[in-house]
Amino acid sequence: MTLNSLMRTVSAGALLAASLFVSTPGAHAQAAGGNGGWFVPKAAHPDAPPPRPVQRRVPEAAPEEEEEAAPSDQQQAPPVLPLPPIPAPPSIAKGAPPPAAIIGVINVQAVMQISSAWQEIQQVLGARRDRLAQAVQREEAAWRGEQQKLQAQARTLTSDQIQLRERHLQERRAKDQHDFGGQARIIQEAAQVAMHQIERELEEPNGIIAAVAAAHNMNLILHAEQVVLHVGGQDITEEVAAQLNKTLPHVFIPDDGVDPEQLARSGKMPTTADEQRQAQGPQAQGAQAQQAPASAPSESVLRQHH
């Protein structure tokens, strides 16, 4: 039940009176308007000719609709537009052909399922999500209990007391959304920190996938989902998973309750912002350093990267 439904249930009599109060001036406004003859029976205005406004509007509306419908029918045909000439591309001298493709196939999802680091992430952060979900359920039950108590006591309370209790419930709900939303963000960003370690270990130019591919002289690796048919010798999934477990059996996961954004601003370890600057190259780093303000950005560098 939302807060609006709570207010409708608790103060139904007050809201009904307010709605009647609101509808009264609206009716007076309609009766006092320049077209009063449309809203008042004929007996109240015997001299006003009621059919004239209706007869005057009906003929005027029909041509407008026809005129608006005509252009829409004409726009169904594609427009004829100019076709400026373009230069012919120059001939390009033939170069050396690329090496023959030696293809490998990998199932990244299967690698993750075999990875001990991935299983650690699922276990640790899954437990944190479960605890958060239980805390949300407990607070939701407590909030509903206070809501029902207010409904039961509504007849014995004054209007000011009801409004005060409703405001307290609204403030409590807003605080819950802020607190639980912050905790959910911390867990989500902790998962990003942990998962990014596996991604870097696998996908960097000198990472495990590149090393396994080089060991088999492969120069093109495709995702298994993209391949209809392949032979067993082309699948490097199990070999990559085995190397991943040897190289990265565990990942760094921020402690429970530690905000990854605060950890990034502490300077204790490199951040995704540093990774972005390295990927952009030295020239882009210099230009970004000249344009960057002196203060640290308030937006999450983790969410910028992902």
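Because the structure is predicted, anything quoted here is derived from the model rather than measured. These values consider heavy atoms only, across backbone and side chains, with no hydrogens, waters or symmetry-generated copies.
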Separation of [Y] [atom2] from [X] [atom1] (nearest 0.5 Å):
| X | Y | atom1 | atom2 | answer |
| --- | --- | --- | --- | --- |
| Gln170 | Gln163 | CD | CD | 10.0 Å |
| Gln122 | Met112 | CD | CE | 10.0 Å |
| Phe252 | Leu263 | CZ | CG | 5.0 Å |
| Thr158 | Ile162 | OG1 | CD1 | 7.0 Å |
| Lys246 | Ile208 | NZ | CD1 | 10.5 Å |
| Gln123 | Ser116 | CD | OG | 11.5 Å |

Which atom pair, heavy atoms only, marks the closest approach of [X] to [Y]?
| X | Y | result |
| --- | --- | --- |
| Val251 | Leu248 | CG1-CD2, 3.8 Å |
| Val193 | Pro260 | CG2-CB, 4.2 Å |
| Ile198 | Ala117 | CD1-CB, 4.0 Å |
| Asn219 | Ala100 | ND2-O, 3.0 Å |

List in chain and number order the residues that pass side chain to side chain donor-acceptor pair (under 3.5 Å) with [X], two or more places apart in sequence or in another chain; answer none if no residue qualifies.
| X | result |
| --- | --- |
| Gln153 | Arg165 |
| Thr237 | Asp235 |
| His216 | Glu239 |
| Thr247 | none |

Fill in: Other residues, nucleotides, ligands: >12 heavy atoms within 6.0 Å of His250 NE2
no
Discussion item. Check this for me: Gln262, atom CD, are more than 12 non-hydrogen atoms of other residues, nucleotides or ligands nearer than 6.0 Å?
Written reply: yes
Worksheet item: Do Gln188 and Arg185 have side-chain heavy atoms sitting under 4.5 Å apart?
Response: no
Item to complete: Compare all side-chain heavy atoms of Glu204 with those of Glu199 and state whether any distance is below 4.5 angstrom.
Response: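 When only atoms from C-beta onward are counted, Glu199 and Glu204 do not touch, as no gap falls below 4.5 Å.
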Worksheet item: Can a salt bridge be assigned to the pair Glu140 and Arg173 using a cut-off of 4.0 Å between side-chain N and carboxylate O?
Response: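 Salt bridge: yes.
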Any link between [X] and [Y] through a network of hydrophobic side chains (Ile, Leu, Val, Met, Phe, Trp, Tyr) touching at under 4.5 Å?
| X | Y | result |
| --- | --- | --- |
| Ile236 | Ile114 | no |
| Val240 | Leu222 | no |
| Leu125 | Ile186 | no |
| Leu164 | Leu157 | no |
| Phe180 | Ile187 | yes |

Fill in: Residue pair Gln234, Val231: steps toward the side-chain contact (heavy atoms from CB on, under 4.5 Å) verdict
CA-CA 6 Å; Gln234 294 174 323; Val231 297; 3.6 Å; yes
[Y] backbone acceptor or donor facing [X] side chain under 3.5 Å:
| X | Y | value |
| --- | --- | --- |
| Thr272 | Glu275 | no |
| Gln183 | Gly257 | no |
| Asp274 | Thr271 | yes |
| Trp143 | Arg172 | no |

Review item, side-chain donor-acceptor pairs of residues 128-138, under 3.5 Å, at least two apart:
{"from": "Arg128", "atom 1": "NH1", "to": "Pro254", "atom 2": "O", "distance (Å)": "2.9"}
{"from": "Arg128", "atom 1": "NH2", "to": "Pro254", "atom 2": "O", "distance (Å)": "2.9"}
{"from": "Arg131", "atom 1": "NH2", "to": "Asp256", "atom 2": "OD2", "distance (Å)": "3.2"}

Worksheet item: Among Val212, Ile209, Val111, whose side-chain contact (heavy atoms from CB on, under 4.5 Å) with Leu244 holds?
Response: Val111
Contacts under 3.5 angstrom, residues 101-110 side chains, donor-acceptor by atom type, not counting sequence neighbours:
{"from": "Asn107", "atom 1": "OD1", "to": "Gln109", "atom 2": "N", "distance (Å)": "3.2"}
{"from": "Asn107", "atom 1": "OD1", "to": "Ala110", "atom 2": "N", "distance (Å)": "3.1"}

Worksheet item: Side-chain donor-acceptor pair under 3.5 Å between His168 and Glu171, yes or no?
Response: no
